[in-house]
**Q** 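Right, I'll just put the structure down here and ask away after.
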Amino acid sequence: MKIPGNATWFPNVQHQLRYAFGFLKGDAYAAIEPHLANDGLNFATLDKFTEVLKMAFGDPDETRTATLELESLRQTNKEFSRYYADFQRLIAIVNYDERAKRAALERGLNKELKSALTLQDAPNDETFLKFVARINRLDNRIRAHL
């Protein structure tokens, strides 16, 4: 984010709030406009500012929505890295343990990768991230030979 990375540009909360407010348009602007005061915005923190926006525009059941998206997410003919980027966005919302993450990731792989995985023995100590790296290598090899 720009604000934490440039603390000297935003020396206090009001500077941060005004900066963020400057990007709002349309309905988002209208949602925050009632919080304007002569001396700035009536929020104690930037988190409170974003909370108002999330209440107005956010998903009321983000976890359920992400779970449903995750269940239908498929790699199809995309590169694994693109599929994994979508997967990471969704998995960050749901609270899956390592085994559930692996099962969800595997469920969405294309046929070629699933077939390639069946030909390999998984190392006993393979973590989820090592599994991801192995799939990425397999995908790259398969694509190099197409």
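Quantities reported herein were computed from a predicted structural model and do not represent experimental measurements. We count residues from 1, following the sequence as given.
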**Q** Return the CZ to CZ distance between Phe87 and Arg107, rounded to the nearest 0.5 Å.
**A**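 Answer for the CZ-CZ pair, Phe87 versus Arg107, is 8.5 Å.
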**Q** Answer with yes or no whether the hydrophobic clustering places Phe57 together with Phe49; edges join I, L, V, M, F, W, Y residues whose side-chain heavy atoms lie under 4.5 Å apart.
**A**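 Yes, it is one cluster - the side chains of Phe57 and Phe49 are joined through contacts under 4.5 Å.
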**Q** What heavy-atom pair brings Asp86 and Lys78 nearest, and what distance separates the two atoms?
**A**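 Of all heavy-atom pairs spanning Asp86 and Lys78, the closest is OD2-NZ, 3.4 Å.
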**Q** Any idea which heavy atoms bring Ala31 and Val52 closest together, and the distance?
**A**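 Of all heavy-atom pairs spanning Ala31 and Val52, the closest is O-CG1, 4.1 Å.
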**Q** Are Leu105 and Leu129 connected in the hydrophobic side-chain network, where two residues link if heavy atoms are under 4.5 Å apart?
**A**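 Result: yes, single cluster for both.
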**Q** Quick check on the hydrophobic clustering: are Val132 and Ile93 connected, directly or via other members, by side-chain heavy-atom contacts under 4.5 Å?
**A**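 The answer is no; the residues belong to distinct hydrophobic clusters.
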**Q** Does Glu71 CD have over 12 foreign heavy atoms under 6.0 Å away?
**A**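 Yes.
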**Q** Got a second to check how far Leu109's CG is from Leu138's CG, nearest 0.5 Å?
**A**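 Here the interatomic distance stands at 9.5 Å.
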**Q** Quick one, Ile135 and Tyr83 - any side-chain contact, counting heavy atoms below 4.5 Å?
**A**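 Side chain of Ile135 against side chain of Tyr83, heavy atoms only: no contact under 4.5 Å found.
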**Q** Should we count CG of Asn95 as having more than 12 external heavy atoms under 6.0 Å?
**A**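 No, not enclosed.
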**Q** Could you tell me whether the side chain of Phe131 reaches within less than 4.5 Å of the side chain of Leu117, counting heavy atoms only?
**A**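 Yes, close enough: below the 4.5 Å cut-off.
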**Q** Answer yes or no: does atom CZ of Arg82 have more than 12 heavy-atom neighbours from other residues, nucleotides or ligands under 6.0 Å?
**A**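 Count not over threshold, so no.
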**Q** Tell me whether Glu126 is salt-bridged to Arg102, with the criterion being a basic N under 4.0 Å from an acidic carboxylate O.
**A**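 Salt bridge between Glu126 and Arg102, a charged N being under 4.0 Å from a carboxylate O: yes.
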**Q** Got a second to check how far Ile91's CD1 is from Phe128's CZ, nearest 0.5 Å?
**A**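 Here the rounded value is 6.5 Å.
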**Q** Please report the interatomic distance CG(Asn140) to NE2(His145), rounded to the nearest 0.5 Å.
**A**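 That separation rounds to 12.0 Å.
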**Q** Working to the nearest 0.5 angstrom, can you tell me the gap between Lys101 NZ and Leu70 CG?
**A**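 That separation rounds to 11.0 Å.
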**Q** Measure across Ala44 and Val13 and return the closest heavy-atom pair with its distance rounded to 0.1 Å.
**A**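 Heavy atoms of Ala44 and Val13 come nearest at O-CG1, 3.4 Å.
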**Q** Using 0.5 Å steps for rounding, measure from the CG atom of Leu113 to the CD atom of Gln75.
**A**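 Here the interatomic distance stands at 5.0 Å.
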**Q** Counting only heavy atoms not in Lys54, do more than 12 sit closer than 6.0 Å to its NZ atom?
**A**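 Counting other residues, nucleotides and ligands, NZ of Lys54 stays at 12 neighbours or fewer.
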**Q** According to side chain to side chain donor-acceptor pair (under 3.5 Å), does anything in residues 35-52 pair up with another residue at least two apart or in another chain? List the pairs.
**A**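 The answer is none; no pair qualifies.
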**Q** I'd like to know whether CZ of Arg18 has more than 12 heavy-atom contacts from other residues, nucleotides or ligands below 6.0 angstrom.
**A**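 Atom CZ in Arg18 is crowded, with more than 12 foreign heavy atoms closer than 6.0 Å.
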**Q** Report the C-alpha distance between Thr76 and Asn110 in whole Å, list the side-chain angles of each, state the deciding distance to 0.1 Å, and finish with yes or no for side-chain contact (heavy atoms from CB on, under 4.5 Å).
**A** CA-CA 5 Å; Thr76 59; Asn110 64 25; over 6 Å; no
**Q** Looking at every heavy atom in both Ser81 and Asn136, which two are closest together, and how far apart are they?
**A**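 Here Ser81 and Asn136 meet closest at N-OD1, 4.3 Å.
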**Q** Would a hydrophobic clustering, with Ile, Leu, Val, Met, Phe, Trp and Tyr connected at side-chain separations under 4.5 Å, put Val94 with Leu68?
**A**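 In one cluster: no.
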**Q** Under the ring pair (Phe, Tyr, Trp, His ring centres under 6.0 Å) test, which residues partner Tyr29, sequence neighbours left out?
**A**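 Counting only residues at least two positions away or on another chain, Tyr29 forms a ring pair (Phe, Tyr, Trp, His ring centres under 6.0 Å) with Phe21.
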**Q** Is any side-chain heavy atom of Leu17 closer than 4.5 Å to a side-chain heavy atom of Gln14?
**A**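 Yes. Closest side-chain heavy atoms under 4.5 Å.
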